[in-house]
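Structure record follows, encoded as C-alpha coordinates.
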Amino acid sequence: MPELPEVETVKRGLSRLIVGKSIVDVISDNPKSFPNSKQDVESFLLESSVLSVRRRAKVLIIDLSTKYSLVIHLKMTGQLVYINYDDIRFGAGHPSDSLVGKLPDKSTRVEITFSDKSKLFFNDQRKFGWMKLMPSDEIVNLPFMKKVGPEPLDQSFTSIDFISRFRRRPGTSIKAALLDQSVIAGVGNIYADESLWGAKIHPKRIVSGLSDSELSILYREVRDVMNLSIEKGGSTNRNYVDAEGKKGSYMDFARVFRREGLDCPRCGEQIIKFKAAGRGTHVCPVCQVL
DNA sequence: CACTTGACCTGTCCGC
DNA sequence: TGCGGACAGGTCAAGT
(Lines give C-alpha, C1' and ligand atoms only; values in the text may rest on other atoms or scores of the structure.)
Protein backbone atom coordinates (compact mmCIF):
# COMPACT_ATOMS: atom_id res chain seq x y z
CA MET A 1 0.00 0.00 0.00
CA PRO A 2 0.68 2.52 1.62
CA GLU A 3 2.70 5.43 0.66
CA LEU A 4 2.61 8.69 2.59
CA PRO A 5 -0.96 9.75 1.65
CA GLU A 6 -2.43 6.35 2.51
CA VAL A 7 -0.62 6.12 5.85
CA GLU A 8 -1.62 9.71 6.62
CA THR A 9 -5.26 8.86 5.85
CA VAL A 10 -5.13 5.87 8.20
CA LYS A 11 -3.47 8.04 10.84
CA ARG A 12 -6.24 10.64 10.67
CA GLY A 13 -8.91 7.97 10.85
CA LEU A 14 -7.37 6.22 13.84
CA SER A 15 -6.79 9.55 15.61
CA ARG A 16 -10.52 10.13 15.42
CA LEU A 17 -11.52 6.55 16.27
CA ILE A 18 -9.21 5.04 18.91
CA VAL A 19 -7.61 7.83 20.96
CA GLY A 20 -8.66 7.39 24.60
CA LYS A 21 -9.68 3.73 24.18
CA SER A 22 -8.30 1.05 26.51
CA ILE A 23 -6.88 -2.18 25.14
CA VAL A 24 -8.17 -5.31 26.84
CA ASP A 25 -7.16 -8.16 24.53
CA VAL A 26 -4.79 -8.97 21.67
CA ILE A 27 -4.73 -12.01 19.38
CA SER A 28 -2.04 -12.54 16.74
CA ASP A 29 -1.44 -15.33 14.25
CA ASN A 30 2.05 -14.70 12.96
CA PRO A 31 5.29 -13.89 14.84
CA LYS A 32 6.64 -11.89 11.91
CA SER A 33 3.58 -9.66 11.85
CA PHE A 34 3.58 -9.25 15.64
CA PRO A 35 7.12 -9.90 16.96
CA ASN A 36 6.49 -9.13 20.61
CA SER A 37 7.06 -11.23 23.71
CA LYS A 38 4.09 -12.35 25.74
CA GLN A 39 5.60 -10.60 28.71
CA ASP A 40 5.86 -7.23 26.93
CA VAL A 41 2.32 -7.57 25.68
CA GLU A 42 1.01 -8.24 29.17
CA SER A 43 3.08 -5.50 30.81
CA PHE A 44 2.84 -2.70 28.27
CA LEU A 45 -0.04 -3.31 25.87
CA LEU A 46 -2.89 -4.91 27.80
CA GLU A 47 -4.68 -2.43 30.06
CA SER A 48 -2.93 0.48 28.33
CA SER A 49 -4.89 3.28 26.69
CA VAL A 50 -4.21 5.08 23.41
CA LEU A 51 -2.73 8.56 23.86
CA SER A 52 -2.15 9.59 20.25
CA VAL A 53 -1.57 8.35 16.72
CA ARG A 54 1.36 9.71 14.70
CA ARG A 55 2.99 9.15 11.33
CA ARG A 56 6.63 9.39 10.28
CA ALA A 57 7.37 8.56 6.64
CA LYS A 58 5.27 5.44 5.94
CA VAL A 59 5.38 4.32 9.57
CA LEU A 60 2.41 4.64 11.94
CA ILE A 61 2.96 5.10 15.66
CA ILE A 62 0.28 4.48 18.28
CA ASP A 63 1.44 5.95 21.60
CA LEU A 64 0.21 4.21 24.73
CA SER A 65 -0.24 5.30 28.33
CA THR A 66 2.53 2.87 29.40
CA LYS A 67 5.16 4.96 27.59
CA TYR A 68 5.34 2.18 25.04
CA SER A 69 4.16 2.54 21.44
CA LEU A 70 2.94 0.27 18.71
CA VAL A 71 5.13 0.98 15.68
CA ILE A 72 3.47 -0.24 12.50
CA HIS A 73 4.62 -0.65 8.90
CA LEU A 74 1.95 -1.74 6.43
CA LYS A 75 4.45 -2.46 3.61
CA MET A 76 2.61 -3.57 0.45
CA THR A 77 -0.71 -5.05 1.57
CA GLY A 78 -1.22 -4.07 5.20
CA GLN A 79 -4.52 -2.67 6.46
CA LEU A 80 -5.61 -1.27 9.81
CA VAL A 81 -9.37 -1.42 10.10
CA TYR A 82 -11.40 -0.35 13.10
CA ILE A 83 -14.91 -1.61 13.80
CA ASN A 84 -17.18 -0.29 16.53
CA TYR A 85 -20.02 -2.76 16.83
CA ASP A 86 -22.01 -0.42 19.09
CA ASP A 87 -22.11 2.35 16.48
CA ILE A 88 -23.50 -0.18 14.07
CA ARG A 89 -26.07 -1.55 16.49
CA PHE A 90 -27.30 1.97 17.21
CA GLY A 91 -27.46 2.82 13.53
CA ALA A 92 -24.74 5.46 13.46
CA GLY A 93 -24.01 4.28 9.93
CA HIS A 94 -20.25 3.98 9.83
CA PRO A 95 -18.57 2.86 6.60
CA SER A 96 -17.17 -0.12 8.50
CA ASP A 97 -20.72 -1.53 8.75
CA SER A 98 -20.08 -3.50 5.61
CA LEU A 99 -17.09 -5.21 7.20
CA VAL A 100 -18.99 -6.65 10.13
CA GLY A 101 -18.88 -10.40 9.86
CA LYS A 102 -16.09 -10.19 7.25
CA LEU A 103 -13.31 -9.65 9.78
CA PRO A 104 -11.29 -11.39 10.97
CA ASP A 105 -10.47 -13.13 7.70
CA LYS A 106 -7.52 -15.20 6.46
CA SER A 107 -5.35 -12.10 6.09
CA THR A 108 -5.93 -10.95 9.68
CA ARG A 109 -2.61 -11.01 11.58
CA VAL A 110 -3.55 -9.11 14.74
CA GLU A 111 -6.87 -8.39 16.40
CA ILE A 112 -6.92 -5.78 19.19
CA THR A 113 -10.02 -5.49 21.37
CA PHE A 114 -10.84 -2.33 23.32
CA SER A 115 -12.80 -2.11 26.56
CA ASP A 116 -15.97 -1.04 24.71
CA LYS A 117 -15.75 -4.24 22.59
CA SER A 118 -14.72 -2.32 19.47
CA LYS A 119 -11.81 -3.85 17.56
CA LEU A 120 -8.80 -2.89 15.48
CA PHE A 121 -7.77 -5.44 12.85
CA PHE A 122 -4.29 -5.56 11.30
CA ASN A 123 -4.70 -7.44 8.03
CA ASP A 124 -1.80 -8.23 5.71
CA GLN A 125 -2.08 -10.64 2.83
CA ARG A 126 1.63 -10.80 2.04
CA LYS A 127 2.90 -10.75 5.64
CA PHE A 128 5.57 -8.15 4.86
CA GLY A 129 4.16 -5.68 7.37
CA TRP A 130 4.70 -5.69 11.13
CA MET A 131 3.41 -4.21 14.37
CA LYS A 132 6.12 -3.82 17.00
CA LEU A 133 5.73 -2.83 20.63
CA MET A 134 8.60 -0.73 22.00
CA PRO A 135 9.37 2.06 24.46
CA SER A 136 8.15 5.33 22.93
CA ASP A 137 11.47 7.08 23.47
CA GLU A 138 13.38 4.35 21.61
CA ILE A 139 11.57 4.81 18.31
CA VAL A 140 14.01 7.51 17.21
CA ASN A 141 16.84 4.98 17.57
CA LEU A 142 15.40 2.54 15.04
CA PRO A 143 17.80 2.28 12.06
CA PHE A 144 15.02 3.33 9.69
CA MET A 145 14.13 6.40 11.76
CA LYS A 146 17.76 7.45 11.94
CA LYS A 147 18.28 7.43 8.21
CA VAL A 148 14.89 8.50 6.88
CA GLY A 149 14.77 11.89 5.16
CA PRO A 150 12.55 14.90 5.89
CA GLU A 151 8.76 14.98 5.56
CA PRO A 152 8.07 16.57 2.17
CA LEU A 153 4.74 18.07 3.27
CA ASP A 154 6.14 19.90 6.29
CA GLN A 155 5.64 23.66 6.11
CA SER A 156 9.34 24.17 6.77
CA PHE A 157 10.46 21.89 3.90
CA THR A 158 11.41 24.18 1.01
CA SER A 159 12.39 23.64 -2.60
CA ILE A 160 15.94 24.57 -1.57
CA ASP A 161 15.92 21.67 0.91
CA PHE A 162 14.50 19.37 -1.74
CA ILE A 163 17.16 20.28 -4.29
CA SER A 164 20.03 19.88 -1.84
CA ARG A 165 18.77 16.44 -0.72
CA PHE A 166 18.68 15.17 -4.32
CA ARG A 167 22.10 16.65 -5.10
CA ARG A 168 23.50 14.16 -2.59
CA ARG A 169 22.60 11.32 -5.01
CA PRO A 170 24.06 12.64 -8.26
CA GLY A 171 24.73 9.31 -9.95
CA THR A 172 21.38 7.61 -9.61
CA SER A 173 18.19 7.88 -11.62
CA ILE A 174 15.62 10.40 -10.44
CA LYS A 175 13.06 7.63 -9.89
CA ALA A 176 15.42 5.60 -7.69
CA ALA A 177 16.23 8.77 -5.73
CA LEU A 178 12.55 9.58 -5.23
CA LEU A 179 11.91 6.05 -3.93
CA ASP A 180 14.92 6.23 -1.60
CA GLN A 181 13.43 7.00 1.82
CA SER A 182 16.71 8.47 3.06
CA VAL A 183 16.49 11.27 0.47
CA ILE A 184 12.93 12.33 1.30
CA ALA A 185 10.29 10.40 3.22
CA GLY A 186 7.06 8.89 2.01
CA VAL A 187 7.23 8.70 -1.79
CA GLY A 188 6.49 5.26 -3.26
CA ASN A 189 5.90 3.90 -6.72
CA ILE A 190 2.55 5.57 -7.42
CA TYR A 191 3.51 9.11 -6.43
CA ALA A 192 6.97 8.83 -7.97
CA ASP A 193 5.39 8.17 -11.38
CA GLU A 194 2.65 10.76 -10.90
CA SER A 195 4.98 13.56 -9.83
CA LEU A 196 7.56 12.82 -12.54
CA TRP A 197 4.80 13.06 -15.15
CA GLY A 198 3.69 16.36 -13.59
CA ALA A 199 7.22 17.72 -13.79
CA LYS A 200 7.74 16.32 -17.33
CA ILE A 201 10.83 14.40 -16.22
CA HIS A 202 11.72 10.94 -17.54
CA PRO A 203 12.23 8.53 -14.59
CA LYS A 204 15.53 7.19 -15.95
CA ARG A 205 17.21 10.60 -16.13
CA ILE A 206 20.28 10.84 -13.89
CA VAL A 207 19.97 13.34 -11.05
CA SER A 208 23.18 15.20 -11.97
CA GLY A 209 21.66 15.95 -15.38
CA LEU A 210 18.63 17.71 -13.89
CA SER A 211 18.63 21.49 -13.49
CA ASP A 212 17.71 23.23 -10.23
CA SER A 213 14.67 24.53 -12.01
CA GLU A 214 13.54 21.02 -12.97
CA LEU A 215 14.05 19.79 -9.39
CA SER A 216 12.13 22.79 -8.12
CA ILE A 217 9.18 21.88 -10.35
CA LEU A 218 9.43 18.28 -9.14
CA TYR A 219 9.35 19.53 -5.54
CA ARG A 220 6.06 21.26 -6.23
CA GLU A 221 4.64 18.22 -8.04
CA VAL A 222 5.55 15.83 -5.22
CA ARG A 223 3.76 18.05 -2.74
CA ASP A 224 0.76 18.77 -4.97
CA VAL A 225 0.24 15.12 -5.88
CA MET A 226 0.49 13.88 -2.30
CA ASN A 227 -1.72 16.67 -0.95
CA LEU A 228 -4.34 15.90 -3.59
CA SER A 229 -4.15 12.21 -2.73
CA ILE A 230 -4.65 12.89 0.99
CA GLU A 231 -7.69 14.96 0.03
CA LYS A 232 -9.02 11.98 -1.95
CA GLY A 233 -8.34 9.49 0.86
CA GLY A 234 -5.31 7.93 -0.85
CA SER A 235 -5.02 5.45 -3.71
CA THR A 236 -6.65 2.05 -3.75
CA ASN A 237 -4.63 0.22 -6.35
CA ARG A 238 -5.36 -3.22 -4.94
CA ASN A 239 -5.67 -3.77 -1.20
CA TYR A 240 -5.55 -0.41 0.49
CA VAL A 241 -8.43 0.73 2.69
CA ASP A 242 -8.59 3.40 5.39
CA ALA A 243 -9.28 2.93 9.10
CA GLU A 244 -12.98 2.39 8.40
CA GLY A 245 -12.44 -0.01 5.52
CA LYS A 246 -13.09 2.62 2.82
CA LYS A 247 -11.16 2.75 -0.46
CA GLY A 248 -9.30 5.87 -1.54
CA SER A 249 -10.19 7.56 -4.82
CA TYR A 250 -6.89 9.07 -6.00
CA MET A 251 -6.62 6.42 -8.75
CA ASP A 252 -9.58 8.14 -10.44
CA PHE A 253 -7.35 11.20 -10.74
CA ALA A 254 -4.09 9.45 -11.67
CA ARG A 255 -2.54 10.73 -14.88
CA VAL A 256 -0.10 7.88 -15.67
CA PHE A 257 -0.03 5.26 -12.92
CA ARG A 258 -1.60 2.01 -14.19
CA ARG A 259 -2.85 3.87 -17.27
CA GLU A 260 -0.64 2.17 -19.85
CA GLY A 261 -2.27 2.21 -23.30
CA LEU A 262 -4.55 5.11 -22.32
CA ASP A 263 -4.16 8.72 -23.45
CA CYS A 264 -1.84 11.17 -21.73
CA PRO A 265 -4.18 13.80 -20.26
CA ARG A 266 -1.77 16.54 -21.37
CA CYS A 267 -0.87 15.64 -24.94
CA GLY A 268 -3.00 12.64 -25.90
CA GLU A 269 -0.10 10.27 -26.59
CA GLN A 270 -0.47 6.70 -25.31
CA ILE A 271 1.01 6.07 -21.87
CA ILE A 272 3.68 3.35 -21.84
CA LYS A 273 4.96 1.09 -19.08
CA PHE A 274 8.46 -0.31 -18.52
CA LYS A 275 10.80 -1.19 -15.68
CA ALA A 276 12.87 1.52 -13.95
CA ALA A 277 14.63 1.36 -10.58
CA GLY A 278 13.34 -2.22 -10.43
CA ARG A 279 9.70 -1.11 -10.44
CA GLY A 280 6.86 -0.94 -12.95
CA THR A 281 7.05 2.60 -14.31
CA HIS A 282 4.52 4.66 -16.27
CA VAL A 283 5.47 7.45 -18.63
CA CYS A 284 4.13 9.65 -21.39
CA PRO A 285 6.81 9.18 -24.08
CA VAL A 286 6.14 12.64 -25.52
CA CYS A 287 5.97 14.71 -22.31
CA GLN A 288 8.81 12.86 -20.60
CA VAL A 289 11.92 12.41 -22.73
CA LEU A 290 15.20 10.78 -21.75
C1' DC B 1 31.48 3.85 -1.48
C1' DA B 2 27.41 4.20 -4.66
C1' DC B 3 24.20 1.82 -6.77
C1' DT B 4 21.46 -2.39 -8.26
C1' DT B 5 19.35 -6.84 -7.53
C1' DG B 6 17.14 -10.55 -4.93
C1' DA B 7 14.43 -12.00 -1.07
C1' DC B 8 10.60 -11.73 1.89
C1' DC B 9 5.01 -13.78 1.06
C1' DT B 10 0.40 -14.55 -1.00
C1' DG B 11 -2.82 -13.74 -4.54
C1' DT B 12 -4.17 -12.58 -9.17
C1' DC B 13 -3.89 -12.24 -13.91
C1' DC B 14 -2.38 -13.63 -18.48
C1' DG B 15 -0.88 -16.80 -22.07
C1' DC B 16 -0.62 -21.51 -23.45
C1' DT C 1 -10.27 -25.53 -16.42
C1' DG C 2 -5.40 -26.05 -15.30
C1' DC C 3 -0.67 -24.73 -14.95
C1' DG C 4 3.54 -21.88 -15.06
C1' DG C 5 5.34 -17.45 -14.87
C1' DA C 6 5.22 -12.55 -14.19
C1' DC C 7 3.83 -9.13 -11.33
C1' DA C 8 2.00 -6.32 -7.18
C1' DG C 9 1.87 -0.08 -3.37
C1' DG C 10 8.19 -1.46 0.52
C1' DT C 11 12.47 -2.21 2.56
C1' DC C 12 16.60 -4.75 3.69
C1' DA C 13 20.64 -7.74 2.85
C1' DA C 14 23.73 -9.15 -0.30
C1' DG C 15 25.87 -8.50 -4.64
C1' DT C 16 28.55 -5.83 -8.37
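Per chain, numbering begins at 1; letters A, B, ... match sequence-line order.
- Checking B:dT10, B:dC8, C:dT11 against the side-chain heavy atoms of A:K32 singles out B:dC8 as nearest.
- Put simply, CD1 on A:I184 is 13 Å from P on C:dT11, counting in whole angstrom units.
- Between the side chains of A:S48 and A:Y68, not a single donor N or O lies within less than 3.5 Å of an accepting N or O.
- Of the side-chain N and O atoms in A:K75, none sit less than 4.0 angstrom from OP1 or OP2 of C:dA8.
- Taking the P atom of each, C:dC12 and B:dG11 are spaced 25 Å apart, rounded to whole Å.
- Spacing between atom CG of A:L142 and atom P of C:dT11 amounts to 14 Å, rounded to whole angstrom units.
- Mapping A:Q125 and A:Q181 onto DNA chain C via the closest heavy atom, the residue that lands nearer the 5' end is A:Q125.
- For the pair A:Q79 CD and C:dG10 P, the computed distance is 16 Å after rounding to whole Å.
- What separates CZ of A:R205 from P of B:dC3 is a distance of 17 Å, to the nearest Å.
- At least one side-chain heavy atom of A:P150 sits less than 4.5 Å from a side-chain heavy atom of A:F157.
- Under 4.0 Å is where a charged nitrogen must lie from a carboxylate oxygen, and between A:D242 and A:R12 no such pair does.
- Side-chain contact annotation: A:N237 with A:R258, donor-acceptor N/O pair under 3.5 Å present.
- Taking the P atom of each, C:dA6 and B:dG6 are spaced 12 Å apart, rounded to whole Å.
- Separating the NZ atom of A:K132 from the C1' atom of C:dT11 is a distance of 17 Å, rounded to the nearest angstrom.
- Distances were taken from every side-chain heavy atom of A:H73 (C-beta onward) to each of C:dA8, C:dC12, C:dT11; the shortest belongs to C:dT11.
- Rounding to whole angstrom units, CG of residue A:L178 and P of B:dT4 are separated by 13 Å.
- A:G280 comes within contact range of the sugar-phosphate backbone alone, with a heavy-atom separation under 4.0 Å but no base atom that close.
- Residue A:K106 has a polar side-chain atom (N or O) positioned under 4.0 Å from OP1 or OP2 of B:dG11.
- Here B:dC9 sits opposite no nucleotide as a Watson-Crick or G-U wobble pair (both hydrogen-bonding atom distances under 3.5 Å).
- Rounding to whole angstrom units, CZ of residue A:R126 and P of C:dC7 are separated by 13 Å.
- Between A:D116 and A:K21 a salt bridge is recorded (basic side-chain N to carboxylate O distance below 4.0 Å).
- Taking side-chain N and O atoms only, A:K127 has no distance below 4.0 Å to OP1 or OP2 of C:dG10.
- Contact annotation: A:K58 side-chain N/O to C:dT11 OP1/OP2 distance is under 4.0 Å.
- Here the side chain of A:R279 is nearest to one of B:dC3, C:dG10, B:dC9, namely C:dG10.
- Each of B:dC9, B:dC3, C:dT11 was ranked by its minimum atom distance to the side chain of A:T172; first place goes to B:dC3.
- Between A:D180 and A:R169 there is a salt bridge, with a side-chain nitrogen of the basic residue lying less than 4.0 Å from a carboxylate oxygen of the acidic one.
- In this structure, A:F128 does not pack face-to-face on the six-membered ring of C:dT11, missing the 5.5 Å centre cutoff or the 30° plane limit.
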